[in-house]
Novice: 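Here you go, one structure.
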Amino acid sequence: MSRPSGEANEAERALLARIAEGDERALEDLYQRFQPRIMAFANQRLNDLAAASDTLNEVMLEIWKSASRFEGRSSVATWILSITRYRIIDRLRKRGDRVFEDIEESSPADTTANAEDVMAGVGDALSVRTCVERLPPAQREVIHLAFFQELSYSEIARVMDCPEGTVKTRVYHAKRSLKVCLAAGLAGSPAHA
Amino acid sequence: MPELNPAERKAVEKLMPFYVTGTLDQEDRERVEVALQTEESLQAELIFLGALREGVREATEVPDVGELGLARMRRSVRRERRRSIVARTLRPALVLAAGLILVFQVVLLLQPGDDGARLAGAAGADLQVTFAADATEGELRELLRSVDAQIVDGPSAAGLYRLQLDPSPEDEEAWARVLETLGGRPDLVTFVERE
């Protein structure tokens with residue numbers, strides 16, 4: 001996902017204003033812009049395509065009903081991803097998953113990770129995916145929001161409803177864990193089989 | 001060049017993922033750039049983070065529900081529209097109905113008389129009466145027939161009955177005769193009044 005420019009954000013705000021007036025076409029335009037981002041976010045957390053698809057529909061309907069309440073204090077993307085996150089949490093609760101976990105804000109020392117092995121691992125998409133999936137959910141979420149959704153740390157803090165410092169710390173520990181995982185390689189591991 | 005102290009290095013390392021994605025504000029960006037010039041080892045970190053960003057983007061599955069998802073959204077929105085139209089249409093009717101009930105109750109409460117104990121029911125009634133507790137049904141039947149009256153409503157909580165006269169008295173003289181007849185039997189009628 002490329003980070004939307006200021007111009008894009010203005011266009012998205014204009015779409016929201018039209019949606020608030022009941023313009024279905026504007027909702028469809030917004031859907032085209034955000035469907036991949038909402039689906040990717042929902043799917044990485046729910047790991048269930050049908051549930052992610054249901055979440056997408058719920059989020060778009062929520063946007064339709066509450067576009068007039070968008071106050072413009074955040075970017076449109078941040079607002080939409082916040083709605084998406086609430087919907088994801090609802091769905092996780094309904095299926096009995098633990099939503100809030102005790103996050104151990106620590107990580108293995110990455111000094112043991114050989115730099116060459118790390119770089120070899122990070123160049124392999126399957127290794128990256130496997131290592132990201134092994135992160136605790138909250139760390140996986142910040143990695144997704146930072147590197148895929150390309151949100152700033154203050155935007156991630158808004159989406160996750162937590163302090164900015166927490167976001168930076170989670171990304172820091174996630175990165176260290178990823179280094180160790182990537183350096184260890186996945187050959188022979190069940191995930192790579 | 002002097003090395004960064006550990007606390008500053010850690011703080012910069014925490015900012016670097018966002019430097020790579022270009023989402024830092026100017027102050028944070030400059031802080032990272034100064035650190036990159038000071039500490040060579042951070043260059044390797046920068047290269048790793050750039051590769052990690054690409055790796056995450058490549059590894060993230062983006063399921064495409066495209067047209068199916070769009071069609072589903074259109075259906076949901078139309079359902080929602082219908083629901084809100086029905087709600088908007090019904091709301092004034094419900095408010096009106098609630099208002100009418102309120103007005104009706106107020107009218108009942110404001111009816112003149114003895115503690116609201118009067119009857120406010122049947123149309124066409126001419127008189128309100130109360131009967132003596134020990135009056136028999138036969139005595140009352142005879143008395144009411146003598147003035148061509150029938151009970152059309154009651155009793156109220158206070159024991160009031162409404163009577164209709166058939167035919168209704170045409171003039172004051174006829175009315176006086178009815179009232180005199182009923183009032184002349186205090187053993188049977190304890191209260192009588194024209195509507």
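Each chain gets a letter, A, B and so on, in the order its sequence line appears, and its residues count up from 1.
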Novice: Please look at A/M39 and chain B and tell me whether the side chain, the backbone, both or neither of the residue comes under 4.5 angstrom of a heavy atom of that chain.
Specialist: both
Novice: Just how far is it from atom CG of A/L61 to atom CE of B/M73, taken to the nearest 0.5 Å?
Specialist: 9.5 Å
Novice: Can you tell me if B/E33 has over 12 outside heavy atoms packed within less than 6.0 Å of its CD?
Specialist: yes
Novice: Just verifying a value: how many Å separate A/H173 NE2 and B/K14 NZ, rounded to the nearest 0.5 Å?
Specialist: 6.0 Å
Novice: At a heavy-atom separation under 4.5 Å, does B/L24 approach chain A through its side chain, its backbone, both, or neither?
Specialist: side chain
Novice: Does A/G22 offer a backbone N or O that forms a donor-acceptor pair with the side chain of B/R81 under 3.5 Å?
Specialist: yes
Novice: Provide the closest heavy-atom pair for A/V128 versus B/A59 in the form atom of the first, atom of the second, distance.
Specialist: CG1-CB, 4.2 Å
Novice: Please check if A/V132 and A/M119 belong to a single hydrophobic cluster, counting links between Ile, Leu, Val, Met, Phe, Trp and Tyr side chain heavy atoms closer than 4.5 Å.
Specialist: yes
Novice: With a 4.5 Å cut-off on side-chain heavy-atom distances among I, L, V, M, F, W and Y, is there a chain of contacts connecting A/L81 to A/L15?
Specialist: no
Novice: Pick one of side chain, backbone, both or neither for A/Y153, based on which atoms fall under 4.5 Å of a heavy atom in chain B.
Specialist: both
Novice: Check step by step if side chain to side chain contact (heavy atoms under 4.5 Å, CB included) holds for B/R74 and A/E28.
Specialist: CA-CA 8 Å; B/R74 285 185 184 128; A/E28 290 176 12; 2.7 Å; yes
Novice: Could you tell me whether B/E13 and A/R176 make a salt bridge, using a distance below 4.0 angstrom between a side-chain N and a carboxylate O?
Specialist: no
Novice: Identify whether A/M160 and A/V59 are in the same connected component of the hydrophobic contact network (ILVMFWY, side-chain heavy atoms under 4.5 Å).
Specialist: no
Novice: Working to the nearest 0.5 angstrom, can you tell me the gap between A/Q35 CD and B/L70 CG?
Specialist: 9.0 Å
Novice: Does atom CD of A/E164 have more than 12 heavy-atom neighbours from other groups under 6.0 Å away?
Specialist: yes
Novice: In Å and rounded to the nearest 0.5 Å, what is the CE to NZ distance from B/M16 to A/K175?
Specialist: 7.5 Å
Novice: In this structure, are over 12 heavy atoms from other groups packed under 6.0 Å from A/R158 atom CZ?
Specialist: no
Novice: What distance separates B/L49 CG from A/L178 CG, expressed to the nearest 0.5 Å?
Specialist: 10.0 Å
Novice: Under 4.5 Å between side-chain heavy atoms, counting indirect links through other Ile/Leu/Val/Met/Phe/Trp/Tyr residues: same cluster for A/L30 and A/Y86 or not?
Specialist: no
Novice: Quick one: what part of A/L27 sits under 4.5 Å from any heavy atom of chain B, side chain, backbone, both or neither?
Specialist: both
Novice: Contact between A/H144 and B/T60 at the side-chain level, heavy atoms closer than 4.5 Å - yes or no?
Specialist: yes
Novice: Answer with side chain, backbone, both or neither: which region of A/Q32 has an atom nearer than 4.5 Å to a non-hydrogen atom of chain B?
Specialist: side chain
Novice: Evaluate whether atom CZ of A/R73 has more than 12 neighbouring non-hydrogen atoms of other residues, nucleotides or ligands under 6.0 angstrom away.
Specialist: no
Novice: Would you please test B/E61 and A/R129 for salt bridge (charged side-chain N to carboxylate O under 4.0 Å, His left out) and show each step?
Specialist: CA-CA 9 Å; B/E61 196 184 345; A/R129 181 185 296 180; 5.1 Å; no
Novice: As an exercise: rank A/D54, A/L49, A/V118 by heavy-atom pairs under 4.5 Å with chain B and give me the winner.
Specialist: A/D54
Novice: Do A/M60 and B/R72 have side chains that get closer than 4.5 Å, going by heavy atoms?
Specialist: no
Novice: Under a 4.5 Å heavy-atom cutoff, which of B/R78, B/E58, B/E80, B/E54 has the most pairs with chain A?
Specialist: B/E80
Novice: Which atoms of B/F18 are under 4.5 Å from chain A, going by heavy atoms: the side chain, the backbone, both sets, or neither?
Specialist: side chain
Novice: Using the rule that Ile, Leu, Val, Met, Phe, Trp and Tyr join whenever any side-chain heavy atoms are under 4.5 Å apart, tell me whether B/F48 and B/V56 fall into a single cluster.
Specialist: yes
Novice: Measure the OG1-CZ distance between B/T21 and A/F147 for me, rounded to the nearest 0.5 Å.
Specialist: 7.0 Å
Novice: Side chain, backbone, both or neither: which part of B/A44 has a heavy atom under 4.5 Å from chain A?
Specialist: neither
